[in-house]
Amino acid sequence: MYLPNIGWYSVPTHGQFLEVSQMSMCKLPNEDLIVCFGYGPEGYALRFMQLSVKDLEWRSLCDVSSFNVLRRVHCSTSYYENGIYVFGGRSESNTLPNELWRFDLTTHKFKLIKTNSKNLKGRYGHTSIVYEDKMYIFGGIDKDFMKTGLLVFDFLKGEWITDPETAGTPISDRSFHSACLYKYFMVIYGGEDSETELSNEVRMLDLINMTWDDGGEMYGEIPDRVKGHSSVVFKDSMVIFGGENVFGEANNKTYSFNLALSQWTRLDDATETTESLVQFDENSNSEPSSELNSEQEFKTVNRFNLDLKNNNKNKNKNDNDDDNDNKNLKGLQIIKQFGIIDKFKFSSVTQSQKIDSIPQPRVYHSSVLTESYMIVIGGMRTTRNNKFKYFNDIHVFRFEGELIRDMQKLLKKEIVADLELEPLGLNTLKAHSFMVNARVGSEKINSFITNSREVTESVLQTILYYLYTDILLIKNKSERKQILKFAKELDWQKLINRMESKNSKEEKRKNEKKFVEDMEKLIEEQDGKDVTIIANNKDKKRIQVKVHRAMLCLRFGGDFLKLNTDKIDDKTGLSEKALNILIRYIYTGVIANWSVDFARQMANFLIGFGVHESREIMVHCRKKEMIALKN
C-alpha cells in the first residue's frame with residue numbers, strides 16, 4: 001500500500017442539499033462552507049446553506065424568501081468581518097441586480113448595503129476575492145452583453161471604485177473564468193473573452209501596486225482552454241478542475257500550475273483510483289462491504305458498513321432488520337466518538353480494491369480549499385441526449401498524504417535532529433541520520449555529510465526535501481546540474497533515476513511505493529533508535545520494540561519529547577498486534593486491519609502517558625473524545 005490518502009474522494013453528507021449549478025460558494029474562518037443560490041432541476045434556487053466540515057452536515061441559514069433578495073445565478077459571495085457579501089448575478093426575471101447584500105452570520109439576516117452604486121452596472125459570471133479591507137471583482141457580463149473588467153469595493157469607506165487604475169500589460173475582459181488569492185496577488189485563469197474565445201492564460205494582479213503581470217510562457221502539461229471551471233491555491237500552486245472546452249464538452253481533469261515556475265502538471269494522472277487507508281469493522285478480520293449509491297453514476301463504498309442514506313432499496317425486510325438497525329446506530333455512535341468524519345479523511349470512499357472516485361465531468365460547479373483539501377460541490381453537464389444533469393455530490397481532492405505532510409514537519413522543525421550539514425555559505429542545516437540510512441544507505445552517511453559541503457544551501461534544501469518527502473522540486477537548470485552531480489558522487493540510484501525518468505503515471509506510482517518501502521525499513525533497523533516501548537498484554541507477555549524519539553514526537557506531539565525517558569512502559573494492556581499496527585503507522589502513516597478494539601487500546605495508551613495534544617493518529621481523536629471513550 002502506497003500513500004493511499006492522496007487523490008480524489010467521494011464524500012457523503014447529511015441533510016438536504018439539492019442538485020444545483022451556477023451557485024456561489026465561500027469559506028468561513030472556521031473552515032465551514034457557505035453555498036447560496038444557483039439553478040437546478042427545480043429552477044432558480046432560493047437557498048442559503050452552510051456545510052460543516054466537521055460533521056459533514058448541511059443546514060439552512062435562513063429563509064431567503066423573507067428578504068427582498070432576488071433568486072439568482074452566477075453571482076459572487078465573499079466573507080468579510082462576520083458577514084457574507086453577495087453581489088451581482090442574473091435573476092429569475094433575467095435582470096442584473098447591482099445591489100450589494102450583506103448576510104450577518106450572527107443574526108442570520110440580510111441587509112442591503114448603501115453605496116454609491118446608482119450608475120454601477122450589474123454583472124454575472126464574474127469572480128470576487130477579498131484582500132485586506134477591499135473586495136476585488138473581476139469580469140462578468142453586463143446588461144449589454146459586454147464583458148467587464150475590474151471593480152473594487154472598499155469595506156471601510158463603503159464605496160465602489162468603478163474604474164481603478166492599474167499598470168502593466170492589460171488583461172482582456174472576460175467571464176466564467178476563475179479567480180483566487182495567492183499571497184497579495186489576484187490570480188485569473190481561463191474564461192471567455194469579448195470575442196467569445198476561450199482562454200488558458202494565467203494572469204496575476206499585484207493588489208499592493210495594482211500592476212498586472214505580462215502572463216509569460218508556460219511549461220509542462222498545459223490544459224485545454226476552458227470556462228466554467230473552478231480553481232484554488234494550494235501552497236505555491238493554482239489547481240483547476242473541470243470546465244467546458246471549445247467544443248462545449250465538460251471535463252473532469254485536474255491540473256496544478258506552479259505560480260513560481262510557470263509549470264503545469266496533470267494531477268489526476270496519478271490519482272485515478274484510491275485505496276483503502278482503514279478497514280473499519282467491529283470484527284477486524286472481516287472485509288468492508290460496498291453499496292451502490294443509486295443517486296450517482298459512479299461507485300462509492302461505505303467503509304463503515306452503514307446505510308447512511310437508507311438507500312438499500314433492494315434489501316428485503318426480514319427478521320434481521322432490527323439487528324442491522326442496531327449495528328448502524330452503534331456504528332454511527334462510534335463515528336461520532338472518534339471524530340472520524342472530521343476533515344474528510346475517513347469518509348465513505350474506498351475499499352481494499354481500487355475504485356474510481358474521480359468526479360464526473362462538470363461545469364459551473366464551485367470549489368474551495370480547506371487545509372490540504374480541495375472541495376468540489378455541485379455543477380452540471382449536458383448528457384448525450386442533450387439534457388442537463390445537475391449534481392448534488394461532494395468530492396474532495398487531497399493534495400498531501402499524512403506521511404508526506406508529517407515528514408515535511410519533521411524536516412522543518414528539526415525534531416531531535418542529530419546531523420549538522422554545512423553547505424556553501426554561512427548557515428547550517430540539520431537532518432536525521434535514520435532518514436539518510438533509510439533513503440541513501442547507512443554506509444553512505446559520511447559521504448552524504450562530506451558532499452553536502454560542496455553544494456549551495458538552496459540545493460541542499462531541495463535534496464533534503466526529496467530525502468524526507470520523495471518530492472523533487474528543482475528550481476532551475478543550474479540546481480539540476482548540482483543535484484545530479486551530488487547523486488552520482490553518492491551513487492544514489494533512486495535520485496539519479498528520478499532525475500532521468502520521464503515522470504510517467506506508472507513511474508510516479510512506483511516512486512511512491514518505494515518511498516513507503518524505505519520508511520518500512522526503519523521498522524526493522526535498530527541503529528539510532530533511542531526509545532523502547534514495552535507492552536504488557538493481557539497474557540502478561542512483555543513485548544519490547546525500539547523506535548526513534550523523533551518519530552514519536554512527530555506522530556503524537558511534543559508530550560512524548562517532554563517525557564525525557566528512553567523507556568515507555570505501557571500498563572494498559574496493549575496487545576502485540578496493536579503494537580505492531582502502531583509501529584507501522586508511526587513510520588509509514590498506513591493503518592491496516594484497524595478495529596474498534598484497537599482504537600480503545602490506543603486511546604488508553606495515549607492518555608496513560610499524558611498525551612494531551614495527541615495528533616491526528618488514525619482516528620483524528622481529540623482529547624475529550626478519547627477520554628469519553630476511555631470512560
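In this structure, K227 pairs ionically with E192, as a charged nitrogen and a carboxylate oxygen lie closer than 4.0 Å. Ion pair D393/R362 flagged as a salt bridge, since at least one NZ, NE, NH1 or NH2 atom sits closer than 4.0 Å to an Asp/Glu carboxylate oxygen.
When each of Y373, W8, F234, Y9 is checked for a ring-ring contact (aromatic ring centres under 6.0 Å, His included) with F399, only F234 meets the rule. Each of W101, W58, F103, F67 was checked for a ring-ring contact (aromatic ring centres under 6.0 Å, His included) with F48, and the lone residue meeting it is F103. Between S76 and the options M25, R123, H126, a side chain to side chain contact (heavy atoms under 4.5 Å, CB included) holds for only H126.
With values rounded to the nearest 0.5 angstrom, L112 atom CG is found 8.5 Å from N68 atom CG. Here the CD1 atom belonging to I129 is positioned 8.0 Å from the CG atom belonging to L205, to the nearest 0.5 angstrom. In this structure, the separation between CZ on R174 and OG1 on T196 is 13.5 Å, given to the nearest 0.5 Å. Between F176 atom CZ and E244 atom CD the span is 9.5 Å, to the nearest 0.5 Å. The CE atom of M218 sits 11.0 Å away from the CD atom of Q263 when rounded to the nearest 0.5 Å. For the atom pair CG (L61) and CZ (R47), the distance works out to 11.0 Å, reported to the nearest 0.5 Å.
With sequence neighbours excluded, the residues that form a side chain to side chain contact (heavy atoms under 4.5 Å, CB included) with T77 are S24, C26, C36, I84, V86.
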* For the pair V64 and F110, evaluate side-chain contact (heavy atoms from CB on, under 4.5 Å) and give the outcome as yes or no after the intermediate values. => CA-CA 8 Å; V64 184; F110 276 98; 4.2 Å; yes
* Given side-chain contact (heavy atoms from CB on, under 4.5 Å), test I171 with T166 step by step and report yes or no. => CA-CA 10 Å; I171 180 175; T166 60; over 6 Å; no
* To do: Start with the C-alpha gap between Y184 and D206, add the side-chain angles, then the distance that decides, and say whether side-chain contact (heavy atoms from CB on, under 4.5 Å) holds.
  => CA-CA 6 Å; Y184 53 89; D206 181 332; 3.5 Å; yes
* List the steps and the verdict of side-chain contact (heavy atoms from CB on, under 4.5 Å) for D224 and N251. => CA-CA 10 Å; D224 296 334; N251 78 83; over 6 Å; no
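Counting heavy atoms from C-beta on, the side chains of M135 and Y80 never come closer than 4.5 Å. Looking at heavy atoms from C-beta onward, L181 lies out of side-chain contact with V233 at the 4.5 angstrom threshold. Within the 4.5 Å cutoff, the side chain of L267 has no heavy atoms near those of the Y255 side chain.
By the 30° and 60° cut-offs, the orientation of the rings of F87 relative to W160 is tilted.
Aromatic pair Y39/H74: ring centres not closer than 6.0 Å. Note: F397 and F241 fail the aromatic proximity criterion, with ring centroids not under 6.0 Å apart. In this structure, Y85 has its ring center closer than 6.0 angstrom to the ring center of F155. Less than 6.0 angstrom separates the ring centroid of W212 from the ring centroid of F138. Ring pair W264/Y189: centre-to-centre distance below 6.0 Å.
Between the side chain of R203 and the backbone N or O of D213 there is at least one donor-acceptor pair closer than 3.5 Å. Formation of a donor-acceptor pair under 3.5 Å by the D193 side chain with backbone atoms of E195 is found in this model. For the pair N245 (side chain) and R225 (backbone), a donor-acceptor distance under 3.5 Å is absent.
Counted by atom type alone, H177 and S199 present zero donor-acceptor pairs between their side chains at under 3.5 Å. Inspection of the T370 and E31 side chains reveals an N or O donor paired with an N or O acceptor under 3.5 Å.
Around atom NZ of K134, no more than 12 heavy atoms belonging to other residues, nucleotides or ligands sit under 6.0 Å away.
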